[in-house]
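Here the structure comes first, spelled out in structure tokens, and everything after it is commentary.
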Amino acid sequence: MKHDFQTIEAKWQKKWDEVNAFAATNDYTKPKYYTLVEFPYPSGNGLHVGHPRSYTALDIVSRKRRMQGYNVLFPMGWDAFGLPTENFAIKNHIHPRIVTERNVARFKAQLKSLGLSFDWNREINTTDPSYYKWTQWIFLKLFEKGLAYKKKMSVNFCTSCKVVLANEEVVNGVCERCGAPVIHKVKEQWMLKITAYADRLIDDLEDVNFIEKVKTQQINWIGRSTGAEVVFETTAGDPLKIYTTRPDTLFGATYMVIAPEHEYIDLWKDKLKNYDEAVSYREAATRKSDFERTELAKEKTGVKLDGVRAINPVNGREIPIFISDYVLSGYGTGAIMAVPAHDDRDWEFAKKFDLPIVEVVAGGDVTQAAFTDVETGKMVNSGFLDGLEVAEAKKKIIEYLTDRGIGVKKINFKLRDWVFSRQRYWGEPIPLINCEKCGWVAVPESELPLTLPEVDSYEPTETGESPLALMTDWVNCKCPKCGGPGKRETDTMPQWAGSSWYFLRYCDPHNDKALASKEALEYWMPVDWYNGGMEHTTLHLLYSRFWAKFLFDIDVLKEKEPYKKRTSHGMILGENGEKMSKSRGNVVNPDDIVKEYGADTMRLFEMFIGDFEKSAPWNPQSIKGCKRFLERFAGLTDLAKGKGTTPALEKSLHKTVKKVSEDIEAMKFNTAIAAMMSFINEIYDAGALTFDELATFSAILAPFAPHLAEEVWAFCGGKGLVSLAPWPVYDEGKTADDEIEFPIQINGKVRAVVTLTAGAGKDEILAKAKSDEKIAAALEGKTVVKEIVVPGKIVNIVVR
RNA sequence: GCGCCCGUGGCGGAAUUGGCAGACGCGCCGGAUUUAGGUUCCGGUUCUUACGAGUGCAGGUUCAACUCCUGUCGGGCGCACCA
């Protein structure tokens, strides 16, 4: 058989569609398996060769699970709200909905051409009002439970785009898109209280099977630290509260630092002799852009407050107070005790301002550098703590402070609440109404979805308000509570909103009574295997886990974690080893590959390109190897004859089935393919195989190259579709070799290889080894010191 | 700066977790088929001065190290003054 991929691929894709081969059924009695890949943002550029890497990988898993008899849910959809679409719409005066429709159509055609076994009956789109109705519903539930609140805060504002930017859109202090400087503006923003879930977001990671890297990233992002809050009296009479993770070093605190924004600066206005200097420092600090702040981080700056001093509570010493921007107002209490001997930043600051450095933990040389080790070292110069280990000292000092009411154990997080407002058009409207009498009132559930009004211009306003603010007809409405005049919220939700719960909608995508039925959620959730890019492992994963936990709390979900298993794929780079981008001119279009080589070759190549979890450069030369492999596979139809199995190939086939089965689970797709390549080489050496063997081979190849596998399966007389045929089982006994080749080492160097039956004992192995000519020669005249025999592995004879 | 990961032929990468380093593929070399090119098939392909040497470099543990430990250099990712 020739591998005429154009005909074969069209034929089987049509067939799969006709019989709805990959539809997940609502038969809740069958064992289920939910495989999920991140749904793409349908950009105007079309599919990137990186997309199929993840999609093919989980397509392989999904196809294998179907063959193993599971009811598989492997869905696809569109994360279609977002800035590039809105910008394209503004530039070309086309409605973003039209742009989205076009892009989706292109993406869908591209995905379909790859033969991915998505259940297209469950396709979703975050911009569809029947979808975002439920995004709004979840938001209202959060609002109802007090987890959504409005807060005045400093936001990033692009001076050129005149748009408020999310933190993620600010790269090195400039606008990610146009490169113009970003300044801070104070605006009221809707916030989600994700910090209320900080502990659970860390602790529940214990119960899930995420790759370690992802777990640590989540943990680091949340940034939980344990320490103490300690109150220092001041000469002004106002107690100054600080946060520290090293209360054990309290005796070494030689000065204090408060953030430039700290309220005490104004409180102490009359007491400070250099109030003006402090204020001008504060102004300089807030005027600095993020860019300058990070750039200037190398050099410490600050102002010593003249007129107020703090008192160290353990030794009664008066110490100076500084303001410096190395202390952040948003973390802890916005004030610290500085222990230069045991903190790098404090040490640097102390050196610059010539402040005393008092060693309180022995073990380093604090004249040279701060000694920050907490594992070793004993307390010194610390009164009643002297001689204790750091850990003991921590306990004791906290007890001491607690007893006197001047300190308490305290846990802090780096995680901040989620800024949920965007001043944009192309996003979900926030369904709230502001009434002068009643305050913020939820749009009644019966009025959801609150759809986006048609506007003439999508451009953001000069003031940074959403374009929706100009739609006075839409904005002015009645208060649902009192019937008085109300104004709608004009901010929309961030792109993260729609993707924070999409995996739930797939369970029951057409439900208009709930985001999904209870039964569907109970059956399908949690997601069994979720694969996606490392770039989404902090925010998207954190946000969606947060929403899932909230939905668990309000009894929508039965599971507290949405994803059982999370894996990640490496990026596909350009031929030159750099990230693919238009500007670098190294972008590969998947359509071209599919056209020239076919979908099966493309799929195989993407999986063979290297270690799945690592990034790999695109190598057009190597595609040939995958193409040849499939041609040789198709050519096996000319060698097939007879029934049953041939003894010579039987063992190899069992081994290959085992290897492929195991490698798929371990995401070692490259070695699974290598094993199948080796097997095919063996068949060509043997010169013949049976139809049964070829059918079995088709079955294990089917997840990787489904179209050709169907064709060959049909040729062998296989029943129905190979995509739905049972996954081949291997006989463990037939995967073991009868004879084993033993390398024989002399002093750790291989000198000979002898062949023995698998069950041979130590003595037999050794006897055979010594009878080997080369070994005998090597042993002559030498004294044997030691003989190591590892059955099934190796023999090493140590001689002198 | 801190945290995590990675360094193996000309290239992408294997190595059952401490047991024959270089599977599989690309590329390259030689041969066959072909008028020729391409395709296909067969053989070879870590280096070597042929003794050996060899998994970035220098040490260590071990009968045995790509694998474990220490130091060091190089690359990637994440966080970035979080007290």
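In what follows, chains are A, B, ... by sequence order, proteins preceding strands, each numbered from 1. Note that these values count all heavy atoms, side chains included, but never hydrogens, waters or copies made by symmetry. All values derive from a computational prediction rather than experimental measurement.
- Among the nucleotides B:rG3, B:rA83, B:rU39, the one closest to any side-chain atom of A:K624 is B:rU39.
- Scanning for ring pair (Phe, Tyr, Trp, His ring centres under 6.0 Å) contacts around A:F679 gives A:F697, with sequence neighbours left out.
- With A:F349 as the aromatic partner, A:K300 does not meet the cation-pi criteria of under 6.0 angstrom to the ring centre and within 45 degrees of the ring axis.
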Watson-Crick and G-U pairing of RNA chain B written in dot-bracket, each distance under 3.5 angstrom, with | for inter-strand partners: (((((((..(((......[....)))((((((.......))))))((....))..(((((..]....))))))))))))....

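- In this structure, A:R632 reaches the sugar-phosphate backbone alone: every heavy-atom distance under 4.0 Å involves primed, P, OP1 or OP2 atoms, never a base.
- At least one side-chain nitrogen or oxygen of A:R628 sits closer than 4.0 Å to the OP1 or OP2 atom of B:rU40.
- Legend: residues meeting ring pair (Phe, Tyr, Trp, His ring centres under 6.0 Å) with A:F5, ordered by chain and number and at least two apart, are absent.
- Taking atom P in both B:rC47 and B:rC11, the straight-line distance is 11 Å, to the nearest Å.
- Here side-chain hydrogen bond (donor to acceptor under 3.5 Å, both in side chains) pairs that include residues 672-686 of chain A, with residues two or more places apart or in two chains, are A:R632-A:N681, A:S652-A:E682.
- Within the structure, every side-chain polar atom (N or O) of A:Y326 is placed at least 4.0 Å from both OP1 and OP2 of B:rA83.
- Looking only at atom types and distance, the side chain of A:T56 has no donor-acceptor partner in the side chain of A:E606 under 3.5 Å away.
- Between A:K786 and B:rC63 there is a side-chain polar atom (N or O) within less than 4.0 angstrom of OP1 or OP2.
- Between the side chains of A:N412 and A:S225, not a single donor N or O lies within less than 3.5 Å of an accepting N or O.
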Heavy-atom protein contacts under 4.0 Å, nucleotides 12-24 of chain B, coded B base, S sugar-phosphate only, - none: BSSS---BB--BB

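- Under the rule for a ring pair (Phe, Tyr, Trp, His ring centres under 6.0 Å), the partners of A:H262 that lie at least two apart in sequence or sit in another chain are A:Y264.
- Considering every non-hydrogen atom in both A:R224 and A:I411, the closest pair reads CG-CG2, 3.6 Å.
- Within the nucleic acid shown, A:K414 comes within 4.0 Å of at least one base atom, counting heavy atoms only.
- Backbone-only contact: A:S225 has heavy atoms under 4.0 Å from sugar-phosphate atoms and none from a base.
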